[in-house]
Amino acid sequence: MKNEYDIIVVGAGPAGSIASKFASEKGISVLMLEKDRDVGYPVRCGEAVSLAGVEEFVKPDPKWIAAEITKFSFISPDKTEVIIPFDGKGIILERKIFDYELANLAAQNGTEILTRTYVNGLILENNKVCGVKYEFRGKQHQIKSKIVIGADGVESRVGRWGGLKTHSDFRDMESGIQITAANINVDPNTCYFYWGSEYAPQGYLWIFPKGNKLANIGLAITGDIGKKKSAISFLNEFMNNYFPNSPILSSVAGGIPFTPTLKKIVNPGIMLVGDAARQINPLSGGGIISGMIGGSIAGKVAADAIISNDLNKIYDYEILWRERLGKRHEMFNRIKNGIYKFSDEKYNQIAHSLVDLPDEKRTLGNVAKKAVINNPSLLIDVAKVFLK
Amino acid sequence: MIFCNNFIKEVILLLIEIIPDKCDFCGCCVGVCPEDAIELKEAEIKIIEKLCTNCSKCVWSCPIEVLKFNSNKIALEKV
């Protein structure tokens, strides 16, 4: 290890690894620090992504693809099922292997990686971030850098120490719980979404197949709902009712900030990417692809800033992110606010009207249009997103 | 927070409790804490007592009921 790096990336999830990869491939020195023992473990994720989104960054490899998805199934509170063909192809990842692969990509481009490294502060000089303080094997260390990229997830404290407001309102933080269970008899190429107060009020419950009758089953609810009933209680009830005899192989919890990106994701010497920057799609809760997109932009911009010896250039990242996905996420957020607080009756009514449509008219765009038909301002957002 | 009369001082301490054995270290609580009062390492979580205001947002956001608001911890001390 060196005494100083051009860039230190805190967190080795997809956003951190892709930021590291894009920065280090430009020939500058990058150190990536991960607090957990293993990159990619524990997996706090439903693991569903679009294949096209992944292909932008890494060549698909069967070793990290658990299942291919061609259909969505939406189940309303009265159990009406609407099946919609997926326009494109989705995959369910093996995140443990996928995250390793991304970190390996970064390493092959020159990134140094240190796991079990708990970053517990930043080095600040003249109100500019210029390194991190960390604990490794019980000892305190410091290491300097020109730029710190915070990819430390939903629990990000790096941003706060760097003067960025990263905390989420508890009403916007979806608390998620997920199990991977065996003997789940569902279509192996369909992702299932359950809506309504029985399953996950102000959120949704999912079943994502992982091959060999394995499936990720999880749900997320806001802190507002969690005041009265926890996510684990909802999941236990669902499993008791629907899959009482399915052995549970693993269980994991995690937070999903269903919000648009933070207003500020850059301060002098610091940039935030992925969940830390709240780059999650606020409608679906998906954060892998958008985190990788954020990471790639940040990595390139940071490297350019260092190469040109003009660190003020890191502010370009905010503009580029907003152009690429930030504005779109704001629209998704408005649509989410229109959809997630529907009554059970409204969900049922939408499902009934979709079931009656011929197959070719059952598209995600039509689902969204039906969902917000009573709200003209949202219809414009839906049209911009889905009906291009 | 301290309430005081001639004989009794009511000291409200940290009322949020973590059941460490149940914790999955997922970070929801850290993400919603407005005071940056929760520290999360690889498999270790703790509340920084001097920063916590007992607002309970972490309790409501915990998916697996690891955090609890314990009003029994209000202590009465003689002065």
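So you know, we letter chains A, B, ... as the sequences are listed, proteins then strands, and number each from 1.
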Requested in this report: Please confirm whether the backbone N or O of B/Ser61 pairs with a side-chain atom of A/Ser175, one donor and one acceptor, at under 3.5 Å?
Outcome: yes

Using non-hydrogen atoms only, which part of [X] is less than 4.5 Å away from chain B: side chain, backbone, both, or neither?
X: A/Ser156; answer: neither
X: A/Val252; answer: both
X: A/Arg37; answer: both

**Report entry** Separation of A/Arg160 CZ from B/Glu35 CD (nearest 0.5 Å)
**Finding:** 9.5 Å

Requested in this report: Measure the CG-OG1 distance between B/Asp36 and A/Thr166 for me, rounded to the nearest 0.5 Å.
Outcome: 7.5 Å

What I'd like to find out is whether the side chain of [X] reaches to under 4.5 Å of the side chain of [Y], using heavy atoms alone.
X: A/Arg171; Y: B/Trp60; answer: no
X: A/Lys227; Y: B/Ser56; answer: no
X: B/Glu39; Y: A/Tyr118; answer: yes
X: A/Glu135; Y: B/Lys41; answer: yes
X: A/Arg157; Y: B/Leu40; answer: no

Query - Residue, of B/Cys62, B/Cys33, B/Ala43, that accumulates the most heavy atom pairs under 4.5 Å with chain A - result: B/Cys33

Report task. Output the option from B/Gly31, B/Cys58, B/Pro34 having the highest count of non-hydrogen pairs under 4.5 Å with chain A. Result -> B/Gly31

Assess whether atom [atom1] of [X] is packed by more than 12 heavy atoms of other residues, nucleotides or ligands within 6.0 Å.
X: A/Asn127; atom1: CG; answer: no
X: A/Lys229; atom1: NZ; answer: yes
X: A/Tyr41; atom1: OH; answer: no

Nearest non-hydrogen partners of [X] and [Y], listed with the distance:
X: B/Pro63; Y: A/Ile177; value: CB-CB, 4.5 Å
X: B/Phe25; Y: A/Arg44; value: O-NH2, 3.1 Å
X: B/Asp24; Y: A/Ser251; value: OD1-O, 4.4 Å
X: B/Cys26; Y: A/Val154; value: O-CG1, 4.0 Å

Go through [options] and name the one with the most non-hydrogen pairs under 4.5 angstrom from chain B.
options: A/Gly255, A/Gly153, A/Ala231; result: A/Ala231
options: A/Ala253, A/Gly254, A/Pro257, A/Ala220; result: A/Ala253
options: A/Lys35, A/Lys228, A/Lys165, A/Glu34; result: A/Lys35
options: A/Ser230, A/Pro42, A/Gly176; result: A/Ser230

